[in-house]
Amino acid sequence: MKNYQEPYHYIQCGLDNVYLRNGFTCVDSRYGKGISIKDVEGLHRLIGQFLTNKTDILMASEIRFLRTELDMSQKRLGELIGKDPQTIAYWERGRGPIPKESDFCLRHIYLQHLNKRAGYVEMVDKLNGKDREDYGRIELQEVNQKWKISTDCINQ
């Protein structure tokens, strides 16, 4: 007969609705009873994927979870989505809902992080770090049946 184990309510991730059916063991230590979880990094990745795929707007604890998994401060996340740090803190405290466009940006940043591509973050950093550049005239040329920007135009 298989020994049935109750699901473990995994509140350490900051979310109150996560339960583990397995992948953990109860351990005794000199500090008392505890839980050992296998592959916490993989577990958090899966939770993050679940959150980015859910259809309703992210809740306060979910916003905080994704930001924490990105290892970003509220200030840094705010820079990337065009909001001040107080707004991020406001959402994370559940004082108001995150707007759909900010929700989308956060999910997109997290998915880019999972795929180890920083394209979105790099693009925003580039745009935030530069004033409008005047390229003047943009010259294009057709080379081998494909359009390309003329190198003369880039180096001006």
Side-chain angles (χ1 to χ4, degrees), residues 1-133 135 138 146-149 154:
M1 177 179 254
K2 190 172 182 177
N3 190 9
Y4 176 74
Q5 187 174 26
E6 286 289 321
Y8 175 65
H9 189 188
Y10 182 51
I11 58 173
Q12 292 84 348
C13 66
L15 303 169
D16 61 3
N17 59 344
V18 176
Y19 292 83
L20 308 179
R21 289 187 177 183
N22 59 16
F24 67 94
T25 54
C26 298
V27 294
D28 288 318
S29 73
R30 63 181 178 190
Y31 303 106
K33 293 193 181 282
I35 298 291
S36 175
I37 298 174
K38 297 177 186 172
D39 188 18
V40 173
E41 186 178 312
L43 173 61
H44 283 213
R45 236 184 350 265
L46 182 61
I47 293 169
Q49 287 173 326
F50 176 84
L51 295 177
T52 58
N53 288 319
K54 69 181 229 160
T55 55
D56 53 334
I57 214 84
L58 292 169
M59 296 180 349
S61 59
E62 297 167 339
I63 296 166
R64 185 174 38 259
F65 177 86
L66 291 177
R67 179 183 60 78
T68 303
E69 286 301 302
L70 288 165
D71 195 25
M72 285 187 186
S73 65
Q74 291 173 339
K75 179 181 180 195
R76 179 69 175 132
L77 179 60
E79 289 170 350
L80 290 173
I81 64 174
K83 303 293 181 186
D84 58 63
Q86 293 82 9
T87 301
I88 307 299
Y90 180 81
W91 296 335
E92 288 185 1
R93 285 193 307 268
R95 305 282 186 213
I98 184 173
K100 285 183 181 181
E101 62 276 0
S102 298
D103 180 278
F104 174 81
C105 286
L106 175 54
R107 292 174 196 235
H108 187 71
I109 291 167
Y110 185 78
L111 289 172
Q112 288 283 311
H113 168 76
L114 284 182
N115 294 324
K116 306 295 185 219
R117 293 180 295 175
Y120 180 86
V121 172
E122 289 171 351
M123 178 189 68
V124 172
D125 282 345
K126 181 178 178 183
L127 293 172
N128 284 339
K130 294 188 172 207
D131 292 326
R132 181 167 170 79
E133 294 181 17
Y135 286 106
I138 300 171
K146 290 188 177 185
W147 283 101
K148 300 198 182 234
I149 297 174
I154 295 171

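This one's a predicted model, so the numbers in the text were calculated from it and none came from an experiment.
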*Where do I98 and L58 come nearest, in terms of heavy atoms and distance?*
CG2-O, 3.7 Å
*Any salt bridge (Lys or Arg N to Asp or Glu O under 4.0 Å) pairs touching residues 103-115, not counting sequence neighbours?*
D103-R107
*Do you know the tightest heavy-atom contact between Q49 and Y110?*
N-CE2, 4.0 Å
_With a 6.0 Å cut-off (strictly less than), is the heavy-atom count around CZ of F104, excluding the residue itself, greater than 12?_
no
*Separation of E79 CD from L77 CG (nearest 0.5 Å)*: 9.5 Å
*Between H9 and Y19, how do the two ring planes meet: parallel, tilted or perpendicular, split at 30° and 60°?*
parallel
_Flag side-chain contact, heavy atom, 4.5 Å: L46 against F50_ = no
*Under the side chain to side chain donor-acceptor pair (under 3.5 Å) test, which residues partner E92, sequence neighbours left out?*
R67, Q74
*W91 versus S102: any side-chain heavy-atom pair under 4.5 Å?*
yes
_Shortest non-hydrogen contact from S61 toward G14_ = CB-O, 3.5 Å
*Which atom pair, heavy atoms only, marks the closest approach of G94 to A60?*
N-CB, 3.5 Å
*Roughly how far, to the nearest 0.5 Å, is the CD1 atom of I47 from the CZ atom of F65?*
4.5 Å
_Determine whether R76 and L80 satisfy the following criterion, side chain to side chain contact (heavy atoms under 4.5 Å, CB included), listing intermediate values before the conclusion._
CA-CA 6 Å; R76 179 69 175 132; L80 290 173; 3.9 Å; yes
*For D71, does the CG atom have more than 12 heavy-atom neighbours from other residues, nucleotides or ligands under 6.0 Å away?*
no
*Straight-line distance of H44 NE2 to Q12 CD, nearest 0.5 Å*: 8.5 Å
_Gap separating the NE2 atom of H113 from the OG1 atom of T52, nearest 0.5 angstrom_ = 11.5 Å
*Show your working on side chain to side chain contact (heavy atoms under 4.5 Å, CB included) between I109 and I81 and close with a plain yes or no.*
CA-CA 9 Å; I109 291 167; I81 64 174; 3.9 Å; yes
*asked:* If you apply the rule side chain to side chain contact (heavy atoms under 4.5 Å, CB included), what do you find for L51 with L15, and how did you get there?
replied: CA-CA 11 Å; L51 295 177; L15 303 169; 4.2 Å; yes
*Heavy-atom side-chain proximity of L106 to L70 below 4.5 angstrom*: yes
*State the SG-CG distance between C13 and L43, to the nearest 0.5 angstrom.*
7.5 Å
*Quick one: CD on E101 to NZ on K83, what's the gap to the nearest 0.5 Å?*
6.0 Å
Let me check something: any side-chain donor-acceptor pairs from residues 33-42 under 3.5 Å, sequence neighbours excluded? List them with distances.
unit_1 : atom_1 : unit_2 : atom_2 : d
K33    : NZ     : D28    : OD1    : 3.4
D39    : OD1    : G42    : N      : 2.9
E41    : OE2    : R45    : NH1    : 3.3

